Every structure is written in structure tokens, then in C-alpha cells.
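Hydrogens, waters and symmetry mates play no part in the numbers below; they use all other heavy atoms, side chains included. In this chain, numbering begins with 1 at the start of the sequence shown. Keep in mind that this is a model prediction, so the values were computed, not measured. First listed ligand is number 1; within each ligand, the first listed atom is number 1.
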Amino acid sequence: MLLREVDYARPATVDEAIALLTTYEGARPLAGGQTIVNVMKARAAAPDVLVDLADLDELRTIGFSSEGLLEIGAMVTYTQLMGSSEVEVARPILAEVASTIADVQVRNRGTIGGNVCVNDPTNHLPPLLVVLDATFAIRGASGERTVPADEFFLGVYMSAVEEGELLTKICVPPSSGAGDGFAGVTIGKHGTYIADAAATVAEGDVRIALGCVAAVPVRATSMEERLAGRDLSEASVRAAAEGLGATLDPPSDVHGSADYRRRLAEVSAVRAVLQAAGRGKGA
Ligand SMILES: Cc1cc2nc3c(=O)[nH]c(=O)nc-3n(C[C@H](O)[C@H](O)[C@H](O)COP(=O)(O)OP(=O)(O)OC[C@H]3O[C@@H](n4cnc5c(N)ncnc54)[C@H](O)[C@@H]3O)c2cc1C
């Protein structure tokens, strides 16, 4: 289906982009276009103006802050994440997970900023960024604010980025010896997840976030508490996951019933924790 008529702007600076987004009520940022263009074609959204972020080079960089945080610009593509030496050194799980998103065309165009701003509950990156304790820099007409991952994802297709604002970068602490894991079950190879889980393990502290079971990533806090300070043998991790599914209220759809997703969430959490435990310092 052809797109409805839409105005198009290609600002040269972040300030110019924000000015356009605040001036025109129906204006929306255009990043990789891998979601928004499809949504527009399906007539599920109809922005009046697309503000293309393609020329904003400052949103395409990957580097380190003075505190040593990995800083990833919102317009960094999955392919860039996969080839970044900074990501490789600081948090290689980001490249690993990005490499499994969809196909090469989507990975070449799709951006980390678009992935989290759209907050599709089946997207790969939201649960991962929650366990990595990422923070999100959001800029608007009145300045910049920083939002932690636990407060960034608000609902299906809703994030803390408000109208007239731009996500500019995502900051991720370096692993510093932590092990990271990601596991789940997809619809076919490299397909969308039916359920997934991300985990980090650092000095007896375990963080687990589940994807596809609610509108936003869900922290498996009871499982985390059961594992805190414990030996992470397969038997103890499996025991800690028992009953996790019963605490969830996932959707049923054509790809799986709610009960199937509950079971997959438990299995994914076990696999992600064991993977993380096998990768950290001292593993
Ligand atoms: C066939 C196919 C399969 C896919 N499968 C998967 C999958 O399995 N897992 C997965 O994670 N993803 C998947 N995707 C989605 C893909 O990852 C998209 O790239 C991603 O969801 C959106 O990123 P984008 O850069 O294309 O953003 P766009 O589509 O350009 O934008 C998405 C939304 O975010 C807003 N936005 C973008 N950047 C900013 C910003 N900096 N500040 C404020 N708002 C912003 C836009 O206004 C828009 O509302 C798939 C896509 C396709 C086409």
C-alpha cells in the first residue's frame, strides 16, 4: 500500500530537529524507518511531518563518557553495534543480540533508538537494556533529562520520550567482570520472539528481565532474590525459576497461548542466567 501524503524535513542539527518536532503537532522522528514506515503503510499511524534524523551525525557515534560508561547514539544501527570495538570491549552482548535481529536489511537500517522508542514488547533490546541498567538521555526544548531503564518503557509503543523530544543517546555501564546472557524462543530463525529473557550476573547479584510477556520488560525479582549470593548451578537456577510463570500474565495469540509463554519465560530465564553465569569473571 502506498503512503498517505506526508511532509518531510531533514534537519542538520539536533536543535533544529527538536524545533521542528515542537512546532508541528503531528511531527514524528524518522530513524531507520523499519517500523514507522510499515505502520504508516498499514494506516495504523499517520504523522503529518516526518523529521528525518539521518543527517544528525552526533547521534551516530559510539564512545565512552568521562565516567567510563558506554555511550551509544540513538541513530546507531544494529550493524554498527555489531562492528563496534567499544561495544566489543565494554558490553559484547549488545552486538551479539543485535546480530540476531531480523535480516541484514533491517540490521543495516534499524537503530537502537528506534528499537527502544517504539517499544514493541517483542523487540530484542528493551529487556536487555533493563538488565544492563542503561540510562536514556532525552532532549527537548527545555533541555536534557536522563531516565533509567526501569522508567523508560511505559507501555506498548510508549516510552518516556514525549512529543517534541528526541532520544539522543543510551548509556550502558561496562561489564566490569559481569557475565551477560540472552535466550528465548523465536518464530523461525532470526524471527520475532515468542518469549525471551536477558540476565546479568555480577558478584552474587543476578538481574533478570523477561520480554514478550507484558507491555514492558518484566523484572523476575523473586527469581533474582532466590539466586542472590547462591551458587549458580543448573539445579539451583532451575529451582529458582519454579513458579516464575505463575507470577506472569502474558497474552495469548496466534504464536502461543499464555500458558505456553509462561513456560517459555521460565525456560528462557534459566538459559539466560546459566549463559551469564558461564561468562562472568571467575566463570
Ligand atoms: C521484517 C522485520 C522484522 C523485525 N523483527 C524484529 C525483531 O525480531 N526484533 C526487534 O527487536 N526488532 C525487529 N524489527 C524492528 C526493527 O528492529 C526496527 O528497526 C525497530 O523497531 C525500529 O527502529 P528504526 O530505527 O527502524 O525506527 P523507526 O521505524 O524509524 O522509528 C520507530 C519509532 O521510534 C520513534 N523514534 C525513532 N528514533 C527516535 C529518537 N531518537 N527519538 C525519539 N523517537 C524516535 C519514531 O518516531 C517511531 O515512532 C523488525 C523489523 C522488520 C521490518
Notebook entry, point to check: Nearest protein heavy-atom contact for atom 47 (O) of ligand 1: which residue, which atom, what distance?
Noted result: Pro29 O, 2.6 Å

Next item on the list: Look at atom 9 (N) of ligand 1 and say which protein heavy atom is nearest, naming residue and atom and giving the distance to 0.1 Å.
Entry: His124 ND1, 2.8 Å

Note to self: Between ligand 1 and Tyr157, can you find any atom pair, the residue atom being a heavy atom, that is separated by under 4.0 Å?
What the structure shows: no

Check: Under 4.0 Å between a Lys/Arg side-chain N and an Asp/Glu carboxylate O for Arg139 and Glu58?
Finding: yes

Note to self: The test is side-chain contact (heavy atoms from CB on, under 4.5 Å); show your working for Phe182 and Ile93 and say whether it passes.
What the structure shows: CA-CA 8 Å; Phe182 194 88; Ile93 188 81; 4.2 Å; yes

Notebook entry, point to check: Are a donor atom and an acceptor atom from the side chains of Asp120 and Thr122 found within less than 3.5 Å of each other?
Noted result: yes

Notebook entry, point to check: When you look for heavy atoms under 4.0 Å from ligand 1, do you find them on the side chain of Ala31, its backbone, both, or neither?
Noted result: both

Check: Is a side-chain donor-acceptor pair under 3.5 Å present for Tyr24 with Asp48?
Finding: no

Notebook entry, point to check: What do we get for Tyr78 next to ligand 1 when only non-hydrogen atoms under 4.0 Å count, side chain, backbone, both or neither?
Noted result: side chain

Check: Based purely on interatomic distance, does Glu165 place a nitrogen or oxygen under 3.5 Å from a nitrogen or oxygen of ligand 1?
Finding: no

Check: If we only count N/O pairs under 3.5 Å, is Leu30 in contact with ligand 1?
Finding: no

Checklist line | Test of proximity, Arg109 against ligand 1: N or O pairs below 3.5 Å | finding: no

Notebook entry, point to check: What protein heavy atom is closest to atom 48 (C) of ligand 1, reported as residue, atom name and distance in Å?
Noted result: Ile36 CD1, 3.8 Å

Next item on the list: Identify whether the distance between the nearest side-chain nitrogen and carboxylate oxygen of Arg262 and Glu266 falls below 4.0 Å.
Entry: no

Next item on the list: Can you pull out the closest protein heavy atom to atom 24 (P) of ligand 1? Residue, atom name and distance to 0.1 Å, please.
Entry: Gly32 N, 3.5 Å

Note to self: If you take the nearest heavy atom of each of Gly110, Gly33, Gly114, which one is closest to atom 30 (O) of ligand 1?
What the structure shows: Gly33

Check: Numbering the atoms of ligand 1 from 1, which are under 4.0 Å from a heavy atom of Ala74?
Finding: 41 (N)

Next item on the list: Determine whether Leu94 and Ile72 make a side-chain contact, defined as any pair of heavy atoms from C-beta on separated by less than 4.5 Å.
Entry: yes

Note to self: With clusters defined by side-chain heavy atoms of hydrophobic residues (ILVMFWY) lying less than 4.5 Å apart, directly or transitively, does Val51 cluster with Leu56?
What the structure shows: yes

Next item on the list: Check each of Leu167, Leu56, Val51 against atom 41 (N) of ligand 1 and report the one with the nearest heavy atom.
Entry: Leu167

Notebook entry, point to check: So do the side chains of Val76 and Thr111 get within less than 4.5 Å of each other, counting heavy atoms only?
Noted result: no

Check: Which is it for Asn38 and ligand 1 at heavy atoms under 4.0 Å: side chain, backbone, both or neither?
Finding: side chain

Note to self: Give me the nearest non-hydrogen protein atom to atom 13 (C) of ligand 1 as residue plus atom name, then the distance to 0.1 Å.
What the structure shows: Asn123 OD1, 3.8 Å

Item checked: Nearest-contact summary for atom 25 (O) of ligand 1 - protein heavy atom, Å -> Thr111 OG1, 2.6 Å

Next item on the list: State if Asp120 counts as touching ligand 1 under the rule of any non-hydrogen atom under 4.0 Å.
Entry: no

Note to self: Considering non-hydrogen atoms of the protein only, which is the closest contact for atom 15 (C) of ligand 1, and what is the distance?
What the structure shows: Thr35 OG1, 3.8 Å

Check: So which bit of Val106 gets within less than 4.0 Å of ligand 1, heavy atoms only: side chain, backbone, both or neither?
Finding: side chain

Output side-chain donor-acceptor pairs under 3.5 Å for residues 194-217, partner residues at least two apart or in another chain, one line each.
unit_1	atom_1	unit_2	atom_2	d
Asp196	OD1	Gly211	N	3.2
Arg207	NE	Val131	O	2.9
Arg207	NH2	Val130	O	2.8

Notebook entry, point to check: If you measure from the Lys or Arg side-chain nitrogens to the Asp or Glu carboxylate oxygens, is any gap between Glu242 and Arg226 under 4.0 Å?
Noted result: no

Check: Given side chains that start at C-beta, do those of Leu125 and Val97 come closer than 4.5 Å, heavy atoms only?
Finding: yes

Notebook entry, point to check: Going by distance only, is there an N or O of Ala102 that falls short of 3.5 Å from an N or O of ligand 1?
Noted result: no

Check: Taking it one step at a time, do Arg10 and Tyr8 satisfy side chain to side chain donor-acceptor pair (under 3.5 Å)?
Finding: CA-CA 7 Å; Arg10 194 160 172 147; Tyr8 174 86; 3.2 Å; yes

Next item on the list: With heavy atoms under 4.0 Å as the rule, classify the contact between Leu53 and ligand 1 as side chain, backbone, both or neither.
Entry: side chain

Check: What protein heavy atom sits nearest atom 36 (N) of ligand 1, and how far off is it?
Finding: Cys117 CB, 3.8 Å

Margin query: Yes or no: does Pro47 have any heavy atom under 4.0 Å from an atom of ligand 1?
Written below: no

Notebook entry, point to check: Got an N/O contact under 3.5 Å between Asn115 and ligand 1?
Noted result: yes

Next item on the list: Any chance you could lay out the side-chain contact (heavy atoms from CB on, under 4.5 Å) test for Arg107 and Met82, step after step, and finish with the verdict?
Entry: CA-CA 9 Å; Arg107 293 194 291 272; Met82 289 157 59; 3.9 Å; yes

Next item on the list: Could you grab the distance from atom OG1 of Thr146 to atom CD1 of Ile170, nearest 0.5 Å is fine?
Entry: 12.0 Å

Next item on the list: Consider every N or O of Arg28 and every N or O of ligand 1, then say whether any pair is closer than 3.5 Å.
Entry: no

Listing, residues 148-164 side-chain donor-acceptor contacts under 3.5 Å, not counting sequence neighbours, or none:
unit_1	atom_1	unit_2	atom_2	d
Ser159	OG	Val161	N	3.1
Glu163	OE2	Arg28	NH2	3.4

